[in-house]
Amino acid sequence: MTPVEPETMKRSYATVITLAVLLLVVLLTCVPYLVSIAAAEGPAQSTTADASPIFGVTIPRGYKQWELVAPAEEAAPLDELRAVVGNQTAIEAYQAGKLPFPDGTILVKRAWKRKQSPEFASATIPGVATTVQVMVKDSQKYASTGGWGFGRFVNGKPVDEAQHRTCFACHEARAKSRDYVFTQLAP
């Protein structure tokens with residue numbers, strides 16, 4: 001070995017160690033952030049008691065902060081106000097006019113009994129919450145139902161299996177041409 005070779009090897013080891021430390025710092029900084037994004041975008045980690053029968057869909061964490069897709073009003077006998085929100089995947093697909101929706105799309109419909117505003121007679125406002133309904137796009141997992149899994153929840157708990165059996169049939173009959181999704185992006 002020449003006298004220069006040990007010095008070069010020392011610099012190489014120092015460079016490798018520096019890069020390894022830098023990589024470790026980046027991973028330790030980014031991983032918790034990426035995990036929090038995944039948790040906000042995907043279904044909540046819940047027990048099977050909190051998951052819809054048939055589909056295993058749960059209420060997603062953070063959905064109340066998602067972007068509005070469109071509001072709606074349901075006439076009698078339901079007399080409900082509704083708002084559909086979507087995760088980032090859903091919003092990007094809507095904005096791009098992309099059908100079918102990509103896997104990872106999650107739509108959540110929130111519903112409340114409508115009531116007259118006590119401050120403004122001609123206004124209707126949300127009253128008691130009635131349901132939270134969830135659609136999750138996973139074309140492999142839910143291949144038999146157009147790529148969608150469904151969940152309908154009252155007071156945070158899934159309704160019975162019989163009610164969940166009606167979800168896809170209704171969407172198939174009325175919205176098949178729009179990838180089984182009723183709600184269109186509000187202008």
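With hydrophobic clusters built from ILVMFWY side chains whose heavy atoms lie under 4.5 angstrom apart, Leu68 does not share a cluster with Leu81. Using a 4.5 Å cut-off between side-chain heavy atoms of Ile, Leu, Val, Met, Phe, Trp and Tyr, with links allowed through other members, Trp112 and Leu78 fall into different hydrophobic clusters. Follow the hydrophobic side-chain contacts under 4.5 Å out from Ile59 and you reach Ile54 in the same cluster. Phe168 is connected to Val181 through a chain of hydrophobic side-chain contacts under 4.5 Å among Ile, Leu, Val, Met, Phe, Trp and Tyr, so both are in one cluster.
Between Val108 and Pro60, the shortest heavy-atom distance links the atoms CG2-CG, 3.9 Å. Of all non-hydrogen atoms in His164 and Ser52, the two that sit nearest each other are NE2-CB, 3.3 Å. Considering all non-hydrogen atoms of both residues, Asn87 and Gly104 come closest at ND2-O, 2.8 Å. Taking all atoms of both residues into account, the shortest heavy-atom contact from Arg82 to Lys109 is NH1-NZ, 3.2 Å. Minimum heavy-atom separation, Gly86 to Leu107: CA-CD2, 4.1 Å.
Counting only distance, with no hydrogens or angles, the side chain of Tyr63 and the backbone of Val85 share no donor-acceptor pair below 3.5 Å. Although no hydrogens or angles enter the test, the distance criterion places no donor-acceptor pair under 3.5 Å between the side chain of Thr131 and the main chain of Gln133.
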Test side-chain contact (heavy atoms from CB on, under 4.5 Å) applied to Phe182 and Val84, step by step: CA-CA 10 Å; Phe182 289 107; Val84 173; over 6 Å; no

In sequence, state the C-alpha distance, the side-chain angles, and the governing distance for Phe55 and Thr145, and then conclude on side-chain contact (heavy atoms from CB on, under 4.5 Å). CA-CA 10 Å; Phe55 303 101; Thr145 52; 3.8 Å; yes

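Under the 4.5 Å side-chain criterion, counting only non-hydrogen atoms from C-beta, Glu67 is in contact with Gln95. Within the 4.5 Å cutoff, the side chain of Thr89 has no heavy atoms near those of the Ile106 side chain. Side-chain contact between Leu99 and Ser177 is absent, with no heavy atoms from C-beta onward closer than 4.5 Å.
For the atom pair Arg110 CZ and Glu80 CD, the distance stands at 13.0 Å (nearest 0.5 Å). Thr124 OG1 to Gln116 CD: the interatomic distance, rounded to the nearest 0.5 Å, is 7.5 Å.
Residue-environment remark: NZ (Lys98) stays at or below the threshold of 12 foreign heavy atoms within 6.0 Å.
Ring geometry, Tyr94 versus Phe101: the interplanar angle exceeds 60°, so the pair is classed perpendicular (tilted spans 30 to 60°).
The salt bridge (Lys or Arg N to Asp or Glu O under 4.0 Å) contacts involving residues 178-187 comprise Lys137-Asp179, where partners must be two or more places apart or lie in separate chains.
Shown here are the side-chain hydrogen bond (donor to acceptor under 3.5 Å, both in side chains) partners of Asp103, two or more places apart in sequence or in another chain: Ser139.
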Just list the side-chain donor-acceptor pairs under 3.5 Å for residues 149-162, sequence neighbours left out, or say none.
{"unit_1": "Arg152", "atom_1": "NH1", "unit_2": "Gln163", "atom_2": "OE1", "d": "2.5"}
{"unit_1": "Lys157", "atom_1": "NZ", "unit_2": "Asp50", "atom_2": "OD1", "d": "2.9"}
{"unit_1": "Asp160", "atom_1": "OD1", "unit_2": "Ala162", "atom_2": "N", "d": "3.3"}
{"unit_1": "Asp160", "atom_1": "OD1", "unit_2": "Gln163", "atom_2": "N", "d": "2.9"}
{"unit_1": "Glu161", "atom_1": "OE2", "unit_2": "Arg165", "atom_2": "NE", "d": "3.2"}
{"unit_1": "Glu161", "atom_1": "OE2", "unit_2": "Arg165", "atom_2": "NH2", "d": "2.3"}

